[in-house]
S.K.: 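Quick one: the structure is below, and I'll ask about it shortly.
Atom set for the values below is all heavy atoms of this structure, side chains included, hydrogens, waters and symmetry mates excluded. Proteins get letters first, then strands, A, B, ... in listed order; numbering begins at 1 in each.
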Amino acid sequence: MAFMEDGAGTGDAAPEEALLLDIDGYEGPIDLLLSLARDQKVDLTRISILQLAEQYLAFVTEARRLRLELAADYLVMAAWLAYLKSRLLLPDPQPDEPSAEVLAAALTFQLQRLEAMQGAAARLLARPRLGRDRFARGAPEDLPIFARSRHDLGLYDLLKAYGAVGSRQARISPFTIPVTELYSIEEAVARLEAMLGRLPDWAQLEALLPAGWRGQGVKARSLLASSFVAALELAKGGHLELRQETAFAPIQVRARREQA
Amino acid sequence: MSDLFDSDFQLIRLLEAILFSSAEPVAESVLQERVGAVPVRPLLAQLENLYRHRGINLVASGGRWAFRTAADLGDRLRTEIEVTAKLSRAAVETLAIIAYHQPVTRAEIEAIRGVATSKGTLDILMEAGWVMPGRRRETPGRPLTWVTTSDFLDHFGLGSLRDLPGVDDLRAAGLLDRSAPMPRIPGLSVEGEG
Amino acid sequence: MSDLFDSDFQLIRLLEAILFSSAEPVAESVLQERVGAVPVRPLLAQLENLYRHRGINLVASGGRWAFRTAADLGDRLRTEIEVTAKLSRAAVETLAIIAYHQPVTRAEIEAIRGVATSKGTLDILMEAGWVMPGRRRETPGRPLTWVTTSDFLDHFGLGSLRDLPGVDDLRAAGLLDRSAPMPRIPGLSVEGEG
């Protein structure tokens with residue numbers, strides 16, 4: 001949370017808050033990292049990766065506090081950076097894993113490459129462009145001697161027509177319900193019931209979900225929603241207790257205890 | 001004098017670019033506005049003179065100016081191929097289906113499109129040099145199949161038929177609805193589909 | 001001598017008229033056909049030279065030739081013609097990545113940007129006529145690659161891909177390496193776990 005502390009109480013708070021709130025302004029996690037890196041105002045090869053990882057993790061924590069849900073890409077990167085951070089802080093080498101230096105170098109390369117492409121894009125757009133800075137003949141005399149073929153049909157038109165056939169065919173085909181991958185409430189109740197006996201004390205509901213549930217898009221959301229409903233069902237049946245410290249704080253559960 | 005010359009030169013360049021890029025002949029009054037205080041007529045006269053013997057000439061008619069190809073070149077520019085006609089949607093779809101499903105019979109094309117294909121559609125594609133008859137299918141009635149030609153690949157800049165984008169590519173490019181499958185021939189089992 | 005001079009002069013006039021009549025760049029091979037046995041390149045070089053300082057210039061891009069208004073007049077011409085629609089940032093970055101890394105697969109584009117390609121990005125670039133599918137990569141899954149078109153070169157005023165801004169420096173710095181993914185972390189498999 002160093003990022004937040006830095007910002008608090010100084011005159012610089014405003015832009016950082018704006019940065020925090022505007023996750024939609026980034027084209028993904030590397031773009032976000034690149035923005036944070038630019039704030040360090042040093043050459044990308046000399047960037048403090050540790051500082052960058054901390055800033056990113058603070059950003060993601062804050063964004064999740066405000067928005068609850070964040071695209072999986074950002075969370076994957078957060079996990080990656082959390083790992084990198086631990087490797088940078090712990091000198092103890094792990095035999096089978098890439099060294100912290102290798103990981104940091106890979107990240108630096110990603111940042112440099114994206115920065116290079118963003119720069120290239122800007123330079124490309126700044127070129128004298130046809131239709132804006134340079135103009136073609138306004139009144140072409142339409143002499144088809146240039147035409148290799150009698151018809152002016154491009155690959156895009158061809159592919160678009162084919163896509164249209166597919167979409168039309170799909171509309172007139174018999175309706176079939178795709179097999180759902182969503183997690184049902186019944187499954188969630190069964191899973192939660194089975195785990196209740198093993199809970200020593202309060203546990204976060206999210207911690208009880210199957211490992212690796214995040215990052216599965218709609219499936220992940222159905223898992224969370226079904227588990228929450230299941231917890232409510234079990235509470236109603238008197239098998240479980242629920243609590244939450246403040247609005248949007250993690251929901252905690254434990255097995256109902258017999259009152260002494 | 002040098003300044004004046006430079007300025008005239010730049011104004012003539014500007015007039016040249018305006019007249020080149022304009023879709024319509026441009027009224028002299030409009031051109032006058034673009035060059036400001038300098039009288040436009042002598043500038044236009046210089047430009048006209050510059051192009052007098054070239055392949056394109058500057059011509060005025062009804063107080064409006066335009067570049068035109070020189071009249072004496074008319075014969076050599078005359079069209080050898082008739083004017084390009086826009087292909088009908090039926091023709092474009094039929095071509096796409098042949099490209100993806102070849103060799104494919106006319107009945108199969110109709111089954112995919114869901115409507116009858118007029119005889120003229122295949123003729124147009126054959127005249128364009130993009131499709132040709134392939135082998136006959138060894139099924140009852142021995143129907144003719146259709147395939148694409150090498151001109152087809154040339155025209156669309158494809159190295160080979162394998163370079164046609166697949167279903168995932170089309171979907172990712174936004175050309176196929178997310179839920180829609182690749183068009184398929186009804187009644188024919190397609191590999192990879194349940 | 002006089003005949004030869006006349007002939008060259010006439011051929012240059014003809015090329016001038018052909019190129020002037022077309023809004024699209026014309027392939028050098030097509031121009032060669034039009035002038036017959038005389039090598040067309042020196043004629044085009046003469047014509048290019050003739051227009052070098054004029055309000056319209058003869059430019060080559062991707063083996064095709066076209067007259068275009070001089071870039072320095074852009075500001076003074078822009079009032080006439082509406083400005084092209086603004087591209088999204090995702091589209092611009094994707095275009096730059098395809099231009100500099102081509103042939104490049106969608107997965108590689110996504111690895112460079114660190115984010116999935118949203119629907120509509122590639123099809124906007126394809127509809128603009130700037131990118132097209134290239135050959136499939138001969139690796140498992142045979143993914144489709146994307147390349148830029150000659151219209152892309154024409155639009156951005158590039159003679160060839162070698163003229164992409166800074167391309168040599170980027171290559172020398174190793175920044176046009178399309179592979180080099182982030183190392184996988186053992187035990188971290190947040191993505192794609194079933």
S.K.: Report, as yes or no, whether the 6.0 Å neighbourhood of atom CZ on A:F228 holds more than 12 heavy atoms from other residues, nucleotides or ligands.
M.R.: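 For A:F228, atom CZ is not crowded (no more than 12 foreign heavy atoms under 6.0 Å).
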S.K.: In Å and rounded to the nearest 0.5 Å, what is the CG to CG distance from A:L159 to B:D169?
M.R.: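 The CG atom of A:L159 sits 9.5 Å away from the CG atom of B:D169.
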S.K.: Do B:I18 and A:F135 have side chains that approach each other closer than 4.5 Å (heavy atoms only, starting at C-beta)?
M.R.: no
S.K.: Tell me, side chain or backbone of B:L170 under 4.5 Å from chain A's heavy atoms, or both, or neither?
M.R.: side chain
S.K.: Distance-only, no hydrogens or angles: does the B:H155 side chain make a donor-acceptor pair with backbone N or O of A:L153 under 3.5 Å?
M.R.: yes
S.K.: Counting only heavy atoms closer than 4.5 Å, note whether B:A90 contacts chain A via side chain, backbone, both or neither.
M.R.: neither
S.K.: Looking at B:D154, B:L19, B:L95, B:I112, which one has more heavy-atom pairs under 4.5 Å with chain A than the rest?
M.R.: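 Most heavy-atom pairs under 4.5 Å with chain A: B:I112.
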S.K.: If I measure from the heavy atoms of chain A, does B:L158 come under 4.5 Å with its side chain, its backbone, both, or neither?
M.R.: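 For B:L158, side-chain heavy atoms alone lie under 4.5 Å from chain A.
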S.K.: Output yes when a side-chain donor or acceptor of A:R137 lies under 3.5 Å from a complementary backbone atom of B:S21, and no otherwise.
M.R.: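 No: the side chain of A:R137 does not pair with the backbone of B:S21.
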S.K.: Do B:E93 and A:R168 have side-chain heavy atoms sitting under 4.5 Å apart?
M.R.: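 Result yes, sub-4.5 Å side-chain heavy-atom pair found.
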S.K.: Above 12 or not: heavy atoms from other molecules or residues under 6.0 Å from CZ of B:R41?
M.R.: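 For B:R41, atom CZ is not crowded (no more than 12 foreign heavy atoms under 6.0 Å).
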S.K.: Students often mix this up, so state it plainly: with edges at 30° and 60°, are the rings of A:Y162 and B:Y100 parallel, tilted or perpendicular?
M.R.: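 Because their plane-to-plane angle is under 30°, the rings of A:Y162 and B:Y100 count as parallel.
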S.K.: Report the distance from atom CZ of B:F152 to atom CG of A:L158, rounding to the nearest 0.5 Å.
M.R.: 5.0 Å
S.K.: Who passes side chain to side chain contact (heavy atoms under 4.5 Å, CB included) against B:R142, sequence neighbours left out?
M.R.: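 If we apply the side chain to side chain contact (heavy atoms under 4.5 Å, CB included) test to B:R142, skipping adjacent residues, the hits are B:R136, B:E138.
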